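Presented below is the structure to which this report refers.
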Amino acid sequence: MATEIELKRGLQGVYIDKTQSSFIDGTEGKLLYRGYSIHDLAEMATFEETVYLLLYSKLPNQAELDAFDAELRANRAIPAEVLEIIRLTKDAHPMDVLRTAVSATASFDPDTADNSPEATLRKGIRLTAQAPTIVTAHARIVQGKEPVAPNPNLKQAANFLYMLFDKEPTAAEARLMEKDFVLHAEHGINASAFAARVAASTISDLHSAVVSGIGTLKGPAHGGAAEEVMKMALDIGEEDRAEEYTRGILESGGRVMGFGHRVYKVEDPRARHLKAECEALGMERGQPKWFSILSKVAEVMEPYRARGICPNVDFWAGAMYHLLEIPKDIFICIFAMGRIPGWTVQVMEQHSNNILLRPLLLYEGPMDLEYTPLDQRS
């Protein structure tokens, strides 16, 4: 008798390795980076501190943070050849351009082929610094404008907004963007991190792994929900249409974007921070209706909370980006920019105790068919 094989479709509930980078409790709605609560980091830590924590396994002191911040600022420029590639591919989706440009930077990185922990750290820092330059250069080229050079006097999040709009953001705007980067920096073995680990498990390099992560993140089932949520809000248009619109999706068997998560069975712990920021920013900008619309959608979805279908981090992110006047097609790129440190850590962990990731598929097709020569086939 053949042994019965239990399928774990989607690898759901399967542990593939150990990690020290982040802890997720989907039942309690708990997220820790290196043991630190995401709530404390979101409210008190800078993005630079958070990246240092992920890469070096500890919070930096002031001297360490200053040196690390200086290293990030010094590595923001991209080669002229990569900028030309961005111009040549300007009509592609921003995530395709980001993926292509990250791949191209490998040609100019002195450590590309070096998979040592030290070299991978250096590459991770460079890619973290360069990604906003790539994204904003493309966004401005699409608008018929020239890219804006990085501002060495600004921190990572503020510099992103500066390069996008060619003006320094307010302190409040910069802090909003920084909080978003912190919330997206790492999240365990999600689809894009798994893809990065699969690439790393072949003993490929960090650039290849990050390209794999970007390609995987692009899918709307993973990273594209923030853009889809904002499209939904724009379709709804007014708060008094939100309930009918949402119920229409549900009754037709559709999915309300921004709700549900493969791991969290309660509200995503990251969502509360962006919800508060979205409400405050909407009031400040005289556009409270987007928060009101999404709040009404959330109200209609409330009965589904008992089934573990709750708001995730993307539900409020899209409205926040919209209020900051960020183009919708780069919403997902913001996720990628924040996640590069997390992918770097995942790759380093994979390389440190490597095993080729090679799961199996259960074959259900025909067996032992007899080959028929071409001239005998009907």
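It should be emphasised that the depicted structure is a prediction, and the values quoted were computed from it without experimental measurement.
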Would [X] and [Y] pass as an ion pair if we require N to O under 4.0 Å?
{"X": "Lys58", "Y": "Glu64", "value": "yes"}
{"X": "Asp166", "Y": "Lys145", "value": "no"}
{"X": "Lys289", "Y": "Glu238", "value": "yes"}

Determine whether the side chains of [X] and [Y] contain a donor N or O and an acceptor N or O closer than 3.5 Å.
{"X": "Gln287", "Y": "Trp290", "answer": "yes"}
{"X": "His222", "Y": "Ser192", "answer": "yes"}
{"X": "Ser208", "Y": "Asp205", "answer": "yes"}

Would the number of heavy atoms belonging to other residues, nucleotides or ligands and lying under 6.0 Å from [atom1] of [X] be above 12?
{"X": "Leu362", "atom1": "CG", "value": "yes"}
{"X": "Lys275", "atom1": "NZ", "value": "no"}
{"X": "Glu302", "atom1": "CD", "value": "yes"}
{"X": "Tyr363", "atom1": "OH", "value": "yes"}
{"X": "Gln143", "atom1": "CD", "value": "yes"}
{"X": "Arg9", "atom1": "CZ", "value": "no"}
{"X": "Lys328", "atom1": "NZ", "value": "no"}
{"X": "Lys30", "atom1": "NZ", "value": "no"}

**OP:** Apply the side-chain hydrogen bond (donor to acceptor under 3.5 Å, both in side chains) test between Arg247 and each candidate in Glu244, Glu243, Glu251; give the one that qualifies.
**Re:**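 With Arg247 as partner, side-chain hydrogen bond (donor to acceptor under 3.5 Å, both in side chains) holds for just one option, Glu243.
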Subject >> Closest non-hydrogen atom pair, Glu178 against Thr46 >> reply: OE2-CB, 3.4 Å
Original post:
Where do Ala193 and Gly188 come nearest, in terms of heavy atoms and distance?
Top reply: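 For Ala193 and Gly188, the tightest heavy-atom pair comes out as CB-O, 3.2 Å.
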Original post:
Taking the six-membered ring for Trp, are Tyr304 and Phe259 ring centroids under 6.0 Å apart?
Top reply: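 Distance test on ring centres: not under 6.0 Å, no.
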Hey, can you tell me if [X] and [Y] have their rings parallel, tilted or perpendicular (30° and 60° cut-offs)?
{"X": "Phe160", "Y": "Phe181", "value": "tilted"}
{"X": "His261", "Y": "His187", "value": "perpendicular"}
{"X": "Tyr56", "Y": "Phe68", "value": "perpendicular"}

Original post:
Between the side chain of Arg140 and the main-chain N/O of Leu164, is any donor-acceptor distance below 3.5 Å?
Top reply: yes
Original post:
Is there a side chain to side chain donor-acceptor pair (under 3.5 Å) between Tyr321 and Asp180 once you walk through the steps?
Top reply: CA-CA 10 Å; Tyr321 301 154; Asp180 185 85; 2.8 Å; yes
